[in-house]
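To keep things clear, I will list the structure first and then write my remarks on it.
Residue indices begin at 1 and follow the sequence shown. The figures here come from the full heavy-atom set of this structure, side chains too, leaving out hydrogens, waters and symmetry mates.
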Amino acid sequence: MKKAFALTSATLLVGSALVATATGTSAAPPSPAAPPSEAQAAARAETHIATRPADIEAADGETYRVYRATVDGNGASHVRYDRLYHGLRVYGGDFVVHSKPGGAYDGASVGLEAPLTLSVTPKVTAAKAARTAEANFEGTRTATGTPELFVDASDGSGRLAWETVVSGWAPDRQTPSRLHVISDAQTGAYIGEFDEIETVAGTGNSVYSGAVTVDTTLSGSTYSMIDPLRGNGRTCDMNNGTSTCTTFTDADNTWGTGATSNRQSAGVDAHFGAAKTFDYFKNVHGRNGIFGTGAGVPSRVHYGNAYVNAFWDGSQMTYGDGSGNTKPLVSLDVAGHEMAHGVTEAVVSGGLTYSGESGGLNEATSDIFGSMVEFYANTTSDPGDYQVGEKININGNNTPLRYMYNPTLDGSSHGCWSTSTNSIDVHYSSGPGNHFFFNLAEGTGATAFGTSPVCGSAPAVTGIGRTKAAAIWYRALDTYFTSNTRYVNSSTPANTSRAYTLRAATDLYGSCSTEYKAVQAAWTAVNVAGNDATCSTGNDFSVSLNPTSASVNPGSSATATVSTAVTGGSAQTVALTASGLPTGATASFSPSSVTAGGTSTLTIATTTATPAGTYAVTISGAGTSATRTATFSLTVNGAGGTCSGTNAADVTISDNTTVTSPIAISGCARSASSTSKVEIHIVHTYVGDLVVALVAPDGSVYNLRNRSGGSADNIDTTYTTNLSSEAANGTWTLRVQDAANADTGYINSWTLTL
């Protein structure tokens, strides 16, 4: 996809063909029933660029290369481009061309405020740029790269600059550093710098996720901490050095003791954090791992000597052992935060520029998804919250790094946008983005997670929930953000986080929907204003699913309820289809079309030949005025069956009733284990009402809980049970009895690992 083409004032060069813009033609757009390929999407975009050069602030002497192309389930497409000016890379010149289903032009996301007009002949030599870079490096320098001449347009305008990478070690002599120093190629002046190595430094206690399930690889009689389900991501022991890392191995597949004195314990947390981050992005957002390629993330623990730090270096996670080598920094949200930087780097060409407001949005993105990973993991030892790094005690006084509900509580972050937000450290300019997300998800005022104030006289905000808020943020990042997107941008007001999240909300939930209006209110509440597009007064609707995911064995099926709602105007007929299904799987709807406001039952059926994996299935609702989509995450268990399973379908628990939730195990040709795990997540306002049992395929009952816990809320517990007398294959049933009045709830999900 790295094809380049050149645009002049009259022509567009695509490959070896020269096409006149005044009479340019392209292949007929693909049928709406068949979404275009990435190559077709790029061809669409090139045609739009040729006929609308002003929309991307085109200049003579430029060429453009496709960075990545994405196609929505309804056939809309979004193609990201890198820009070269007279052969030089333009940092901040990236743009996205959007096409509607069928191929019509749908606008562009552009960071430049005007076409580039500058000389590309430097007055400062590369040697002088290298000396400037070396002078700004702190620590022990080991190498200086050859300076690259490029166009720095990170602020929306262009200037000729040198970028020099200086490598070495930070002043602590343990943290690696790859410092990018930017200097003016005409004056020699220092412009700025950023380090590839994303660090979390401080003195804190190790955080463990409790008893968790980790996926490992068996070779002969030895288990290795290599995750075969997530791109073979491995976890290894640095043995308190800085070079060699040895993959953890074990004879019985029972890892660690929960104590930091056991070297495997920190490895368990790191391995678990990498797995949950991988699963979150894949199952929730349909992204195939951090890098989008299915590859796993390596995790290195026990790095350095008394190393009070953890860092992401662009390809792997590294964790130090903290003060006295007894406090590993393996916090779940820290892992999610740092690996989310990898997502941002992969999704946006050049990443979000790591300075000012763009850098703040970069950090906010990692804070947001780090917190969402913590909620997704749903452990009792480290439940989800909106504090960042609350477990590692980085400040030494048991306070977190950042507070998303009120960023000013850390003493440095901005909770409201101001003209000075662009001039502070990126960890503090993340505040308005973090605060916006909390308001959008949970609302303002007093909440279960903390009190969120509004800025100035802004009205209160009613939250739309974490799931929708995260979907909007990811959609904006994936589809609309450019490398220099800001909160507020007077020169290019369309290139702002407010504008792009509103467009994302429109894509997902409809123009002028409740979610759209909540995005507006949440930005206003943090003092980020904008020139929002006028809401459509036409007919519109939304599509949602319950549940949004399921795991099945090959040959089995999963069901979900497809709900539609009128978000504008009058109800219309909505025809339902599915795309993105794995080989051998089919989807059916009953009924196949509904009137907006109605529901349908989706059934996805697999065959024994359906390959194992997790698939993002796009459910599209085509109305007379728009097409809206929702994503269903389908996990097909391993070929030949599996010895574990999950049922994520909600089951209502009413007063004085008994309900059940089944999991079918097949292809596990052995007895269950003496240390089988039953992970249960039940939402209930008085757990002392509940009797919980596991029923084996032969009818044997294993009591897990009998009206214990009193008035406490919810059960989020993993039970270890000796099931060695049972054959693994068959249907296992979770049975829950509510034995009292007044309090109710539901089975949220449960997982059985035999």
Item to check | Beyond-backbone contact of Thr451 with Tyr405, side-chain heavy atoms, under 4.5 angstrom | outcome: no

Checklist entry - Under a 4.5 Å cut-off applied to non-hydrogen side-chain atoms, are Thr408 and His414 in contact? => result no

Next on the checklist: Taking the six-membered ring for Trp, are Tyr386 and His435 closer than 6.0 Å centroid to centroid?
Outcome noted: no

Checklist entry - Going from OH on Tyr105 to CD1 on Ile49, what distance comes out if it is rounded to the nearest 0.5 angstrom? => result 9.0 Å

Next on the checklist: Taking the ring centre of each residue, are Tyr480 and His98 less than 6.0 Å apart?
Outcome noted: yes

Checklist entry - Salt bridge or not for Asp478 and Arg287, using N-O below 4.0 Å? => result no

Checklist entry - Are the side chains of Phe95 and Arg80 in touch, meaning some heavy atoms are under 4.5 Å apart? => result no

Checklist entry - Is a side-chain donor or acceptor of Ser430 paired with a backbone partner of His427 at a separation under 3.5 angstrom? => result yes

Next on the checklist: Tell me whether Thr631 contacts the main-chain N or O of Val617 through its side chain, where contact means a donor paired with an acceptor under 3.5 Å.
Outcome noted: no

Checklist entry - Any side-chain heavy atom of Val284 within less than 4.5 Å of one from Tyr376? => result yes

Checklist entry - Looking at Ser483 and Gly351, what are the two nearest heavy atoms and their distance? => result CB-O, 3.2 Å

Item to check | No-hydrogen, no-angle side-chain donor-acceptor test under 3.5 Å, Asn489 and Ser491 | outcome: yes

Next on the checklist: Quick one: does any side-chain atom of Thr492 pair with a main-chain N or O of Asn495 as donor and acceptor, under 3.5 Å?
Outcome noted: no

Checklist entry - Is a donor on one side and an acceptor on the other found under 3.5 Å between the side chain of Asn527 and the backbone of Trp417? => result yes

Next on the checklist: Can you confirm whether Thr277 sits close enough to Ile290 that some side-chain heavy atom of one is under 4.5 Å from a side-chain heavy atom of the other?
Outcome noted: yes

Checklist entry - Taking the six-membered ring of Tyr509 as reference, does the NZ or CZ atom of Lys468 fall below 6.0 Å from its centre and within a 45° cone about the axis? => result yes

Next on the checklist: If you apply the rule side-chain contact (heavy atoms from CB on, under 4.5 Å), what do you find for Thr482 with Tyr500, and how did you get there?
Outcome noted: CA-CA 10 Å; Thr482 68; Tyr500 291 149; 4.2 Å; yes

Next on the checklist: Between Arg503 and Asp532, is the salt bridge (charged side-chain N to carboxylate O under 4.0 Å, His left out) condition met? List the steps.
Outcome noted: CA-CA 10 Å; Arg503 186 157 183 181; Asp532 303 339; over 6 Å; no

Next on the checklist: Taking Asn406's backbone N and O only, do any of them form a donor-acceptor pair with Ser452's side chain (distance below 3.5 Å, no angle check)?
Outcome noted: no

Checklist entry - Taking the six-membered ring where the residue is Trp, are the ring centres of Phe369 and Phe281 under 6.0 Å apart? => result yes

Next on the checklist: Please check this pair: side chain of Ser418 against backbone of Ser420, looking for a donor-acceptor N/O pair closer than 3.5 Å.
Outcome noted: yes

Checklist entry - Got Leu508 and Glu515 here, is their nearest side-chain heavy-atom distance under 4.5 Å? => result no

Item to check | Euclidean distance, Phe311 CZ relative to Leu329 CG, rounded to 0.5 Å | outcome: 12.0 Å

Item to check | Electrostatic pair Asp82:Arg68 at N-O distance under 4.0 angstrom | outcome: no

Checklist entry - Does a donor on one side chain sit under 3.5 Å from an acceptor on the other, for Asp227 and His271? => result no

Next on the checklist: Donor-acceptor check, side chain of Asp540 to backbone of Ser511, threshold 3.5 angstrom: yes or no?
Outcome noted: yes

Checklist entry - Passes salt bridge (charged side-chain N to carboxylate O under 4.0 Å, His left out), Arg83 versus Asp94? Steps please. => result CA-CA 6 Å; Arg83 185 189 309 255; Asp94 56 299; over 6 Å; no

Item to check | Which atom of Phe632 lies closest to which atom of Ala560, heavy atoms considered | outcome: CE1-CB, 3.8 Å

Checklist entry - Ignoring hydrogens and geometry, is there a side-chain-to-backbone donor-acceptor pair from Asn484 to Asp155 under 3.5 Å? => result no

Item to check | More than 12 heavy atoms from other groups under 6.0 Å of OH on Tyr428 | outcome: no

Next on the checklist: Tell me whether Thr447 contacts the main-chain N or O of Phe449 through its side chain, where contact means a donor paired with an acceptor under 3.5 Å.
Outcome noted: yes

Checklist entry - Is the Trp523 ring parallel, tilted or perpendicular to the Trp473 ring (thresholds 30°, 60°)? => result tilted

Next on the checklist: Is it the case that the side chain of Asp333 and the backbone of Gly389 share a donor-acceptor pair, with hydrogens and angles ignored and the cut-off at 3.5 Å?
Outcome noted: yes

Checklist entry - Do NZ/NE/NH1/NH2 and the carboxylate oxygens of Arg402 and Asp367 come within less than 4.0 Å? => result yes

Checklist entry - Can you find a heavy atom in the side chain of Val519 that is under 4.5 Å from one in the side chain of Ile472? => result yes

Checklist entry - So do the side chains of Val528 and Phe436 get within less than 4.5 Å of each other, counting heavy atoms only? => result no

Checklist entry - When you look at Val488 and Thr496, which way does the side-chain contact (heavy atoms from CB on, under 4.5 Å) test go after all the steps? => result CA-CA 6 Å; Val488 176; Thr496 62; 5.7 Å; no

